[in-house]
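Some notes on the structure that comes next.
Note that the coordinates shown come from a computational prediction; the quantities given were computed from them, not determined experimentally.
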Amino acid sequence: MTVDQDVLPEDERTRQQEVPTAVLLAYAAAAAGVFGWFLFGLLVQQQGFVDSVGESAGAAFALLLAVSVIGTLRRNGE
């Protein structure tokens with residue numbers, strides 16, 4: 001039984017890309033926004049805990065999808 005695998009040179013294997021500070025700040029802002037959306041639904045609209053969690057989870061999944069699509073487009077554009 002053989003396993004085909006790509007072997008990376010040593011310098012490429014140890015090279016790690018750093019995450020820019022702007023990206024980290026954008027992730028923190030998105031997390032704060034989703035949490036704020038949860039609190040808005042729970043406290044202001046008084047729609048209940050489960051509905052607020054569902055709405056904020058849907059918003060978070062939509063943000064993750066957008067980040068995934070943008071990352072894919074940026075990576076294929078290189």
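- Side chain of S56 to main chain of F38: no donor-acceptor pair is present (N/O by atom type, distance under 3.5 Å, no hydrogens or angles).
- Cluster membership for L24 and V67, using ILVMFWY side-chain heavy atoms within less than 4.5 angstrom, is shared.
- In the hydrophobic cluster analysis, where Ile, Leu, Val, Met, Phe, Trp and Tyr join through side-chain heavy atoms closer than 4.5 angstrom, F35 is grouped together with L43.
- Between the CH2 atom of W37 and the CD atom of E55 there is a distance of 6.0 Å, given to the nearest 0.5 Å.
- Considering every non-hydrogen atom in both S52 and L42, the closest pair reads OG-N, 3.1 Å.
- No path of Ile, Leu, Val, Met, Phe, Trp and Tyr side chains, each step under 4.5 Å between heavy atoms, connects V34 with F40, placing them in separate hydrophobic clusters.
- Going from atom CG of D51 over to atom CD of Q46 covers 13.0 Å, rounded to the nearest 0.5 Å.
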